[in-house]
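Computed from a prediction, not measured in an experiment: that's the story for all the values here. In what follows, chains carry the letters A, B, and so on, assigned in the order in which the sequence lines appear, proteins first and then strands, with residues in each chain numbered from 1.
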Amino acid sequence: MQLFDSVQKTKLPFEPIYDGKVSIYVCGPTVYDDAHLGHARASLAFDLLSRTFKALGFQVTMAKNFTDIDDKIIKKVEESGKSMKELTSFYIQRYLEEMDALGIARADIEPKATESLTAIEQMIQILIDKDIAYVTSTGDVYFDTSKDSAYGNISHRVADDKATLSRVEHNSEKRNPKDFALWKACKGSDDICFDTASTTSFSSGRPGWHIECSAMIEKHFKGNEQYTIDIHGGGADLLFPHHENEAAQSRCATGHELAKYWMHNGFVQINGEKMSKSLGNSFFLKDALKVYDGEVLRYYLNSVYYRNDFNFSEEELQTSKKRLDKLYRLKKRVSPGKSSSVNKEFKKALLDAMSDDLNISISLSLIDEMIATTNDALDANPKDKALKKETLANIEFIDTLLGFGGKEPFSYFQIGVDENLKNKIETLISERTKAKKEKDFARSDTLRDEILELGISIMDTADGTLWEKA
RNA sequence: GGAGCCAUCGCCAAGUUGGUAAGGCCGUAGAUUGCAAAUCUGCUAUUCACCAGUUCGAGUCUGGUUGGCUCCUCCA
């Protein structure tokens with residue numbers, strides 16, 4: 001397995017901390033709003049990573065956190081009048097359901113910041129005890145970046161310039177401009193506040209954003225002398241400052257590096273611009289799923305190398321659907337039946353492609369070639385049972401590795417068609433078949449037009465007339 | 001202002017020890033079909049934003065130009 005490491009900025013052969021095992025931690029969402037396509041892409045990328053490792057025989061432990069305490073959440077709590085718990089559990093639930101619809105396997109560990117406070121407090125206390133963090137007069141705790149000589153190693157950022165400094169929040173008590181909050185003390189009665197005054201040397205309040213990941217990783221994973229986890233992932237925007245700060249906290253608190261490899265996925269863009277809440281151009285997953293099938297969305301969002309930016313377009317999504325359709329048409333052609341075993345060369349080629357830093361483009365082209373070759377062979381010999389069984393096995397392997405192609409093919413082409421419409425279509429088709437038998441082609445063509453108007457396309461085969469949602 | 005990434009056929013997109021351009025969509029010619037659809041076959045970039053350089057040889061390395069994006073502020 002070769003992975004592109006964002007820190008070393010090069011592809012590296014993957015060597016796990018423990019033989020045969022991989023530990024992955026991915027930064028999950030802050031749960032104060034609906035997930036958009038960008039969240040989906042990040043989830044999808046690491047789902048692909050996890051599936052590839054599993055297919056290669058690794059034992060994978062994947063963690064994805066939920067940031068369920070943060071300024072934006074507090075703001076939303078104040079606006080909505082709901083409790084924080086109500087609000088965050090609503091969005092967590094919805095997030096999980098939407099990711100399910102995209103065929104993303106649930107993480108093995110889904111830690112929440114509010115459930116990790118002890119670990120967070122302990123890590124902050126360690127940093128204070130080591131004189132790496134300091135408490136301000138208001139009770140906030142800051143990380144002193146000047147105490148970490150390795151600070152900057154992750155993002156390779158050098159000294160701050162004036163323009164940068166002017167953008168950073170003003171706090172005269174900060175010792176260095178780049179110092180960041182580990183803990184924010186309660187300021188007013190409305191603030192959501194965790195009682196830590198009795199157990200720590202800092203006042204009650206709530207954790208800063210960066211500390212939760214470091215603390216949760218330490219809590220849930222046991223690494224070796226050098227590293228805590230194998231892979232830390234997230235969106236490209238998290239590289240700095242989030243991951244830089246995480247790395248600094250962990251390094252200083254534990255004495256070893258947080259992660260051996262760092263992976264970052266590219267953005268989903270709309271009209272060439274990053275999709276983000278501040279730009280107001282978010283395409284929410286809940287809306288996308290109303291219009292498109294989750295499997296098609298998955299195929300589409302995963303069809304490009306995860307590190308590249310991804311410009312969303314409806315036309316390209318339709319192209320992806322056509323490509324996926326071809327796989328299902330082949331599946332329909334070789335169904336029903338039992339699968340035998342996957343073609344060894346095909347399997348190896350797919351694994352090789354995915355082992356090259358998840359080269360999905362090569363994988364998809366291999367699948368297209370397999371489809372063409374199989375269709376060709378089936379044209380020459382329609383009753384090749386062995387080939388049909390092997391093809392079924394190949395498609396099962398695709399589903400396991402890449403997460404699509406697993407549906408029953410006839411139902412795949414009828415997604416969104418209700419019983420009523422189905423009966424209507426079948427009635428029209430049988431009338432048309434009758435007309436065809438009587439060679440009344442004028443009538444059969446009229447009936448076909450009627451069916452087309454229902455948004456259904458039909459195809460005559462040796463086994464009768466089949467139909468699909470157009 | 002500082003830092004980084006990217007630029008390959010009409011569209012999407014592979015191509016990291018430099019060796020002579022994957023795949024998909026679209027288009028097009030044919031096979032098949034009552035006609036379609038689906039499927040199959042053929043065709044579809046002497047060329048990789050531009051300029052200069054290194055080299056026997058560069059999309060792939062170096063320098064520059066132009067254009068786009070991102071991070072430095074919450075963000076996947």
Side-chain angles (χ1 to χ4, degrees), chain A residues 2 4 9-11 26-30 32-33 35-46 67 70-72 75 155-169 178 209 233-242 244 264-269 272-279 282 300 303-305 307-311 313 315-323 325-326 329-330 332-333 353 356-357 359-369 371-372 374-380 436 439-442 444-445 448-449 452 457-461 465-468 470:
Chain A
Q2 296 267 329
F4 185 92
K9 297 189 180 186
T10 185
K11 242 185 242 179
V26 183
C27 286
T30 300
Y32 70 105
D33 203 353
H36 59 220
L37 259 27
H39 295 101
R41 169 122 130 117
S43 258
L44 246 9
F46 291 99
T67 299
D70 143 291
D71 289 352
K72 293 185 296 299
K75 189 165 173 249
S155 62
H156 309 292
R157 295 223 177 220
V158 282
D160 274 317
D161 59 282
K162 285 177 186 169
T164 298
L165 298 184
S166 68
R167 302 178 78 164
V168 175
E169 67 178 289
K178 279 192 170 174
W209 178 35
D237 48 354
L238 299 182
L239 185 56
F240 187 87
H242 189 53
E244 186 74 62
H264 294 90
N265 64 276
F267 299 124
V268 175
Q269 304 186 324
E273 273 189 324
K274 175 187 174 182
M275 182 185 295
S276 74
K277 281 161 189 164
S278 48
L279 288 173
S282 298
Y300 176 53
S303 66
V304 175
Y305 183 42
R307 294 209 308 121
N308 290 165
D309 284 341
F310 185 103
N311 198 249
S313 96
E315 300 79 68
E316 289 306 319
L317 191 144
Q318 289 306 327
T319 298
S320 279
K321 181 180 182 304
K322 283 178 191 168
R323 253 180 126 170
D325 285 354
K326 283 170 70 165
R329 288 215 179 85
L330 176 65
K332 193 152 74 171
R333 200 171 177 187
D356 182 15
D357 198 34
N359 192 327
I360 192 72
S361 287
I362 297 292
S363 298
L364 296 183
S365 75
L366 287 166
I367 291 169
D368 286 331
E369 278 165 24
I371 293 170
T374 310
N375 271 320
D376 199 13
L378 251 21
D379 279 357
K436 273 179 57 175
K439 297 209 185 283
D440 184 355
F441 296 123
S444 78
D445 288 351
R448 180 167 58 201
D449 289 342
L452 274 170
S457 58
I458 56 174
M459 46 213 71
D460 297 328
T461 74
T465 300
L466 303 177
W467 62 273
E468 307 181 343

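Side-chain contact between A:R307 and A:D357: present, with at least one pair of heavy atoms (C-beta onward) separated by less than 4.5 Å.
Shown here, B:rG34 forms no base pair; nothing in the strands shown gives a Watson-Crick or G-U wobble contact with both key distances under 3.5 Å. Using Watson-Crick or G-U wobble geometry with both donor-acceptor distances under 3.5 Å, B:rU55 finds no partner in any strand shown. With both pairing distances under 3.5 Å, B:rU20 is matched to nothing as a Watson-Crick or G-U wobble pair. As the counterpart of B:rC48, no nucleotide is assigned, since no Watson-Crick or G-U wobble pattern has both distances under 3.5 Å. Under the Watson-Crick or G-U wobble criterion, with both distances below 3.5 Å, B:rC26 has no partner in any strand shown. Across all strands shown, B:rG2 is found opposite B:rC71 as a Watson-Crick or G-U wobble partner, with both distances under 3.5 Å. Within the shown strands, nothing qualifies as a pairing partner of B:rU60 under the Watson-Crick or G-U definition with both distances less than 3.5 Å.
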Stepwise salt bridge (Lys or Arg N to Asp or Glu O under 4.0 Å) test for A:E244 and A:K178: CA-CA 11 Å; A:E244 186 74 62; A:K178 279 192 170 174; over 6 Å; no

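Annotation: B:rA76 and B:rU33 have their C1' atoms spaced 49 Å apart (nearest Å). Comparing the P positions of B:rC40 and B:rG23 gives an interatomic distance of 14 Å, to the nearest angstrom. Spacing between B:rU65 and B:rU55 at atom P, rounded to whole Å, works out to 24 Å.
Nearest heavy atom pair, residue A:G272 against residue A:N311, reads N-ND2, 2.6 Å.
Phosphate proximity of B:rC72 to A:K178: absent, as no side-chain N or O sits under 4.0 Å from OP1 or OP2. Using a 4.0 Å cut-off, no side-chain N or O of A:K75 falls inside it from OP1 or OP2 of B:rC74. Of the side-chain N and O atoms in A:N359, one or more sit less than 4.0 angstrom from OP1 or OP2 of B:rG15.
The residues A:D325 and A:K321 are annotated as salt-bridged, a charged nitrogen and a carboxylate oxygen being separated by less than 4.0 angstrom.
Taking atom CG of residue A:D325 and atom C1' of nucleotide B:rG24, one finds them 13 Å apart after rounding to whole Å.
For the pair A:G28 and A:G272, both in contact range of RNA chain B, the more 5′-proximal nearest nucleotide belongs to A:G272.
In this structure, the nucleotide among B:rG23, B:rC69, B:rC25 sitting nearest to the side chain of A:T319 is B:rC25.
A:R307 contributes no side-chain N or O that forms a donor-acceptor pair with the base of B:rC5 under 3.5 Å.
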